[in-house]
Structure formats: structure tokens, C-alpha cells
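Notes for the one structure printed next.
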2 protein chains.
Amino acid sequence: MSNEASYKDKKVITIGIVRELTGLSERQIRYYEERKLIFPERTPGGSRKYSFADIELLMDIAEKIEDGVQTFEIRQEMMKDKKKAEQAKLRKKMIQGQLNAQFGIRKA
Amino acid sequence: MSNEASYKDKKVITIGIVRELTGLSERQIRYYEERKLIFPERTPGGSRKYSFADIELLMDIAEKIEDGVQTFEIRQEMMKDKKKAEQAKLRKKMIQGQLNAQFGIRKA
DNA sequence: ACAACGATGTAAGAAAACCTAACATAATTT
DNA sequence: AAATTATGTTAGGTTTTCTTACATCGTTGT
């Protein structure tokens, strides 16, 4: 039932590299965090750490900003998407439960 | 014919994070570079950048060192492996060439 | 029209992270 | 015994990152 914390989601990239990879300024990257669009982790010393997924998200954000969408709206979209994803996951889990009840492996 | 520079091979991780992820000291990590077991890239300012693949390699190296293998021997093994991999790639390419010659798409 | 907000730049000072070079050491190898 | 290997440690310097504050300019709300 595999659920590896894959390369894509591991928070290991510092802000300078993110700047290079996205073309955004550090100011922008930190600002989008302030607006709760992105959530880096921190080193013990307080430096931000991002994942590849974060980088992709930042590039999506940048595109929307260029299209005149405000951080506020982007955040709303994101919350909607998150909710939908969670519900999908829940449905899947429920179906899984049904299947297990009917056909699941039982203890010997 | 797909050749994504995947997350795994992108050099984006600084040495401090590598230290955390591998449990090795920075001294060790730099030393293995000196012994030509690993080849980080650099930022413009000179800081080392590693990939996830590098991290896995470092953990393999660490294991061998614990088993008493010397960096020198590890390096030899690695060169052998690399050579074998290259030859396999070459064979594959040649077969591909054969196939193309026989059945390949021709210009209209 | 004007005040508030949104997005970004820039500057300052401090702290964290990283660099190289050098010396030390204990355990092998030669 | 001398050289080499692997690693720790220290020192001084440079790069990277952090937060806070102020500035600007365009957009939004009243």
C-alpha cells in the first residue's frame, strides 16, 4: 500500500535555489508564504526549505499573478481544490472499507 | 523519446541538508568528493549542490566504509559499474538502430 | 478624489550556513 | 618506521538567509 515520502514532496531546497528555478525574487517567494499560499519547513536555524512540489506550485501562482489574479483569490481556489481532494480521498477510503467488509482478509 | 531531468537527479540540495539526510558529517561528505566518489555542482557563490541520487550514493558509500572498504576501492567499483552501464546503453542503441533500419519510419 | 490595500523593490544589520586551509590523530598499509 | 587513510577540529572569511522597515505604484473601496 505504498506511501513513500517521495522526492517530489521532501522539503530540502533553500530559497536561493528556488529563486533560480522559478525566476521569482526572494521577496515574492516570502510574500506568497505570508499570504498563505505556500508552507515551507524550516531548518533548526530558521532557514526555509521547499520541495519540488512547492516549486511547481510557485510557478502556477506566478502565472496566475501575471494574469491579474490576486493572492487572496488564489488562496480561495486552493482551499476549494484541497477540499475536493480530501473528499475524493474519503470516498475512496469508504469504498475500500466496503470491499474489505465483503471480501477482505480475515484473521486465521 | 522522453528524457526528463527528473527530481532525483537535479542538484538542488545544500550540504547541511545532506548531512541531516545521511547522518554523515560535512567533513566526510567533502572528503568523499575529494576522493572522487561524488560530484556536486556549485552555486555561483561556490556552495555545493547535491541531488537525491547523490544522497543515495552517499549512503551506499557510508555503508561500504563501515564494512572496511576503502574509498579507493569504492571508486574502482564505481568505475566498473559505470563502464558496464555505458556498454549496456550502447548495445541498446545499436539494437534500436537495427530495428529502425528494418522497420523504421521513412520520410514521405 | 482619497484612503486603504496589494504586490514588489530595496536597504540595514544580524545570524546561519558554507567555504578553504591547516593541523591533529588513530588506525591501517606499505 | 614512514606513509596513507579517514575523520575531527579550529580559524577566518565569504555567501546565504533572516526579519523589519520604509518606499513605490497600481488597484480597489467609499
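These values consider heavy atoms only, across backbone and side chains, with no hydrogens, waters or symmetry-generated copies. Proteins come first, then strands; the chains are lettered A, B, ... in the order of their sequence lines, and each starts at number 1.
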Residue [X], side-chain heavy atoms: nucleotide from [options] that is nearest:
X	options	answer
B:T71	D:dC22, D:dT17, D:dT5	D:dT5
B:S47	C:dC19, D:dG8, D:dC18	C:dC19
A:I65	D:dT7, C:dA7, C:dA16	C:dA7
A:R35	C:dG6, D:dT7, D:dT16	C:dG6
B:R48	C:dG6, D:dT16, C:dT20	C:dT20
B:S25	D:dT16, D:dC18, D:dG8	D:dG8

When the distance from [atom1] of [X] to [atom2] of [N] is rounded to whole Å, what number comes out?
X	N	atom1	atom2	result
A:E33	D:dT20	CD	C1'	15 Å
A:R19	D:dT17	CZ	P	7 Å
A:R42	D:dT17	CZ	P	12 Å
B:L58	D:dT7	CG	C1'	15 Å
A:E20	D:dT15	CD	P	15 Å

Can you find a pair of side-chain heavy atoms, one from B:V12 and one from A:F52, that are under 4.5 Å apart?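 Result yes, sub-4.5 Å side-chain heavy-atom pair found.
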
[X] side-chain N/O to [N] phosphate OP1/OP2 under 4.0 Å:
X	N	result
A:R30	D:dC18	yes
A:Q70	C:dG6	no
A:Y32	C:dA7	no
B:Y31	D:dT7	no
A:T14	D:dT17	yes

For the helix from C:dA1-D:dT30 to C:dT30-D:dA1, what is the angle between the axes at its two ends, each from 5 pairs, rounded to 10°?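 Inter-axis angle at the termini of the helix from C:dA1-D:dT30 to C:dT30-D:dA1: 30°.
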
So if I apply the side-chain hydrogen bond (donor to acceptor under 3.5 Å, both in side chains) rule between A:K64 and each of A:E77, A:Q70, A:E73, which one comes out positive?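 Only one of A:E77, A:Q70, A:E73 forms a side-chain hydrogen bond (donor to acceptor under 3.5 Å, both in side chains) with A:K64, namely A:E77.
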
Which residue lies more 5' along DNA chain C, comparing A:F72 with B:E26 via nearest heavy atoms: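 Result of the comparison: A:F72.
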
Let me confirm one number: the OH-CD1 distance from A:Y7 to B:I13, rounded to the nearest 0.5 Å.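 That separation rounds to 9.5 Å.
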
Which distance, rounded to the nearest 0.5 Å, do you find between the CD1 of A:I29 and the CD1 of A:I15?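 Going from the CD1 atom of A:I29 to the CD1 atom of A:I15 covers 4.5 Å.
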
5' precedence on DNA chain D between B:Q28 and B:G46 (nearest-nucleotide basis):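 Counting from the 5' end, the first nearest nucleotide belongs to B:Q28.
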
Evaluate the criterion side chain to side chain contact (heavy atoms under 4.5 Å, CB included) for residue pair B:R48 and B:R30; output intermediate values, then yes/no. CA-CA 9 Å; B:R48 273 167 262 250; B:R30 296 202 189 97; 3.2 Å; yes

